[in-house]
Amino acid sequence: MTERIILQTEHLRRTFGGLVAVDDVSLQVRRGTLHSIIGPNGAGKTTLFNLMSGVLPPTSGRILFEGRDITNVPAHGIAHLGIGRSFQITNIFPSLTVLENVRLAAQAVGKHNFTFWRDYRAFPEYIERAWEVLAMVGLQKRAHLPAGTLAHGDKRKLELAMILAPNPRLLLLDEPTAGMASEQVPELMALIERIRAVGDKTIVLVEHNMHVVMAASDVITVMVQGRVLAEGAPAEIRADERVQRAYLGQLYEE
Ligand SMILES: Nc1ncnc2c1ncn2[C@@H]1O[C@H](COP(=O)(O)OP(=O)(O)OP(=O)(O)O)[C@@H](O)[C@H]1O
């Protein structure tokens, strides 16, 4: 049974001084699903991501990835285990080309990560992988441009390519549509769907765009004030009165 659960948190808690940002969160993410985490500002979503990706240690509780306890594994160790994480603030090197950014992302988690800056021609496998993921996200034609010159929507695709480069089994995506023009959102979401379906990935998504969340998710967890308020399929969450009162009602009225 546990094989179907790729990621699990048990009574996870994180405090900042007197503030409880994540409060007794026990989640189970099923392999191959798109599992969204939603909730109002300050609900603890990003803190939860920071705990899952080793950026922050929890105050208490446990995190299991593929049945293995990863509670105190730091961020670089988590990446090596097969978890890729995006950040709200981009990690792109603007003066390097698109291809170089993806190559470095592949290499940083590969076995040559200690020779990060060595002449790239020495590692053809990472270049090959970089081209592969650029094709997946549709950025091959921009491969030789400095990454800083990309339009915002293409930067988001580049970020996805960089997360995919080391071929993680689990992707933690923090607001991938943030700052995008609304007409670009469907294309990015179609891409995320494709990555999951074709690449056999599991995706945990934090996203404020409710249309995206309702259309793309298999499971939605609703957090309010650090705690899980509800969990279920999109239709169940939409119909849940507690969720309506605490969160969705206000959102749809806006
Ligand atoms: N490093 C920190 N130090 C102190 N307090 C923090 C820190 N990080 C987060 N918090 C607090 O923890 C609570 C949860 O924040 P978090 O960013 O996880 O929420 P969120 O649900 O991701 O919000 P948003 O949707 O606005 O990104 C907030 O009250 C926030 O101010």
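Order of appearance sets the numbers: ligands from 1, and atoms from 1 within every ligand.
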**OP:** For the residue pair Arg14 and Asn50, confirm or rule out a side-chain donor-acceptor distance under 3.5 Å.
**Re:** no
**OP:** Enumerate the atoms of ligand 1 whose separation from the nearest heavy atom of Ala43 is less than 4.0 angstrom.
**Re:** 19 (O), 20 (P), 21 (O)
Original post:
Which atoms from ligand 1 have a heavy atom of His208 less than 4.0 Å away?
Top reply: 25 (O)
**OP:** Could you tell me whether some N/O pair between Gly42 and ligand 1 is separated by less than 3.5 angstrom?
**Re:** yes
Original post:
By number and element, which atoms of ligand 1 are closer than 4.0 Å to a non-hydrogen atom of Lys45?
Top reply: 18 (O), 19 (O), 20 (P), 21 (O), 22 (O), 23 (O), 24 (P), 25 (O)
Original post:
What about Leu188 and Met162, same hydrophobic cluster or not, with Ile/Leu/Val/Met/Phe/Trp/Tyr joined at side-chain heavy-atom distances under 4.5 Å?
Top reply: yes
**OP:** Could you establish whether Gly44 and ligand 1 come within less than 4.0 Å of each other, counting only heavy atoms on the residue side?
**Re:** yes
Original post:
With a cut-off of 4.0 Å, which atoms of ligand 1 are near a heavy atom of Thr46?
Top reply: 17 (O), 18 (O), 20 (P), 22 (O), 27 (O)
Subject >> Short side-chain donor-acceptor distance under 3.5 Å, Thr221 and Glu231 >> reply: yes
Subject >> Glu175-ligand 1 polar pair, N/O distance under 3.5 Å >> reply: no
Original post:
Residues in salt bridge (charged side-chain N to carboxylate O under 4.0 Å, His left out) with Glu236, at least two apart?
Top reply: none
Original post:
Does Ala178 offer a backbone N or O that forms a donor-acceptor pair with the side chain of His152 under 3.5 Å?
Top reply: yes
Output side-chain donor-acceptor pairs under 3.5 Å for residues 36-43, partner residues at least two apart or in another chain, one line each.
residue	atom	partner	partner atom	Å
Ser36	OG	Ser217	OG	2.7
Asn41	OD1	His208	NE2	3.4

**OP:** Using a 4.0 Å heavy-atom cut-off, say whether Leu19 meets ligand 1 through its side chain, its backbone, both or neither.
**Re:** side chain
Original post:
Judging by distance only, is a nitrogen or oxygen of Leu48 under 3.5 angstrom from one on ligand 1?
Top reply: no
**OP:** Report the C-alpha separation of Asp23 and Arg227 in whole Å, then their side-chain angles, then the decisive distance to 0.1 Å, and conclude whether the salt bridge (Lys or Arg N to Asp or Glu O under 4.0 Å) test is met.
**Re:** CA-CA 5 Å; Asp23 190 3; Arg227 299 186 78 98; 2.9 Å; yes
